[in-house]
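All heavy atoms count here, side chains included; hydrogens, waters and symmetry mates do not.
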Protein chains: 2
Amino acid sequence: MRALVSRINRELAATPRPSLALKSLGSRFSHHHHDSPTKKEKKSSYILGPDLPDIWSPPRSTPPCPPPSQTPVDFELIPTIIDGKSIADEIRSGIVKEVYQMKESISKVPGLAVVLVGQRRDSQTYVRHKIKACQEVGIRSLTAELPDDCPEDEVVNTVSSFNEDPSIHGILVQLPLPQVISLTILEPLFIPCAAKACIELLLRSGVDLKGKNVAVIGRSKVVGLPLSLLLQRHHATVSIIHAFTKNPEDITRGADIVISAAGVANLVRGSWLKKGTIVIDVGTNPIEDPSSEHGYYLSGDVCYEEALQVVSAITPVPGGVGPVTIAVLLSNTLDSAKRAYGLS
Amino acid sequence: MRALVSRINRELAATPRPSLALKSLGSRFSHHHHDSPTKKEKKSSYILGPDLPDIWSPPRSTPPCPPPSQTPVDFELIPTIIDGKSIADEIRSGIVKEVYQMKESISKVPGLAVVLVGQRRDSQTYVRHKIKACQEVGIRSLTAELPDDCPEDEVVNTVSSFNEDPSIHGILVQLPLPQVISLTILEPLFIPCAAKACIELLLRSGVDLKGKNVAVIGRSKVVGLPLSLLLQRHHATVSIIHAFTKNPEDITRGADIVISAAGVANLVRGSWLKKGTIVIDVGTNPIEDPSSEHGYYLSGDVCYEEALQVVSAITPVPGGVGPVTIAVLLSNTLDSAKRAYGLS
């Protein structure tokens, strides 16, 4: 009998749009409707239900967040800019080595399938980045492109057939899917990539999480919720802030580490942070800007220039959580392949 | 094909010992070893892993917690003693009605199987209480008693055969099991009874959880962890305190509601609580007392007499969370039966 296990791997890409990666050994898709939590609770009592609804009110502080690099840094405290690219490189160089060894010893390489539904240009760009990242470490990648009006069944069938393919060890469904399609996946065997990326960034920057007070802003199933559980595994004391939290500033000001994954540009102001805190900014919010090449630039959840005056370390956007998330996607695909081939 | 769903129902009894109730449609047992979290994380990446290790240091405050009823209550603030028995009665009277209706309409009643391994006298007592509770609401119960040295296989087989029995809608494995046996269950479909009992106690006492700051003390899979997720579904802002938390008092003093499930007698002192806070005490810690009938009495995690001076409402131990937990067990069994028989 087939193992009743599904391998799943959700990922928030280095982009304003999360992506979903999974490798399922059993069919575990179901339709997903956003019920009110109470209603949902009656229908299904899974501990990890659907994302809870969060509409964040506009940032309360009135003065606008200064644009990057216009405020002088307080040189009493020179903050560390946590370099996501170099941490990603560190992870990827380990992957390159392991993929090479796998190829030498059993003539196999890990395989990642990417499912892209529709013609969104941003999604196409992100998929291209991921395929390139696979190529760079020797992971084989396959892409299935489906039309915008593709029925949900067809997406599921595409995923299922990748799932039957023993040379594929991870399946990534690029999000957002067209509105008509929604998938709920159960039983994650892999930790969502963006959540794991936050942990990697902290640990590889030498931060000891044990006993630290961590404020996690946002409670999505892709980042906030799994992150809060991961942080607890590292014995951090976690407070989870969401749109209904009455005094988010008070909680963040008590935190040694603030991790924001709310998806609200400049939500976290300098005044929310205590001196010497560490900030991980998962937000990648597009801000319209006619003067920039693509008509927008990316802003984090944290008002970066204000935070620089206060923090001891911070991840920039872009160049922080994003590249590490992609490295974790590659790492998860490698781990899945190792498991499939019985390698330790 | 059989639905890939398992029904599970964990329960912390009205006792110092948690029990486990489950109804599984598929075999989902696996061996369970307590690895270090890091090691475990490498082996399996399930979001809800095993319980994290917590050894609480002895309470920091030096003056002993006064025994019950020796300290005069501050009559400026007369606290509400949340009566678990009457809330349990409220839940149970609804169950009685529904079981009666089920019997009238389809000539079936819900069935609960209880598995008791070994000869512990306390476990025997708790099982007797649960069977009595079933009888009182018209739920049929079956008990399997297995010897102390019973191999793990036999426990699993017993559970599996109850699982095949269509007249059984819940299976409760009384904990603790003898050391050699340990079961890990995946995919809870039911919310653990004690966690749900805390929510019931609050909601049925008229507390609106939305936006409230809640400190949860303890992060076990049976209470603290699911409770923190449930509270978030009700839009509370949750901070999870555990043995590695550096400043538990500071966090609890910021909380509108404090729920303690640490299993440490008198851990939470009056000084940990802000004026007007609400306390739910899940702890049921046996304290040796030669003068009492059974040689011990039960103490909560909260120093009750000190708390009475400060809180606006509190659950006593015993008579608080315990009876409601049993009522939730009955309610879960009823819900499972309704699902099995296609009743709404």
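Proximity to chain B (any heavy atom under 4.5 Å) is restricted, for Asn213(A), to the side chain, taken from C-beta onward. Looking at Ala236(A), the atoms closer than 4.5 Å to chain B (heavy atoms on both sides) all sit in the backbone: N, CA, C or O.
Side-chain contact between Thr237(B) and Asn247(A): absent, with no pair of heavy atoms (C-beta onward) separated by less than 4.5 Å. Counting heavy atoms from C-beta on, the side chains of Arg219(A) and Arg233(B) never come closer than 4.5 Å.
From Leu231(B), atom CG reaches atom CD1 of Ile240(A) across 10.0 Å, with rounding to the nearest 0.5 Å.
Not one N or O on the side chain of His242(A) forms a donor-acceptor pair closer than 3.5 Å with the backbone of Gly211(B).
Counting non-hydrogen atoms of neighbouring residues, nucleotides and ligands closer than 6.0 angstrom, the NZ atom of Lys274(A) exceeds 12 such neighbours.
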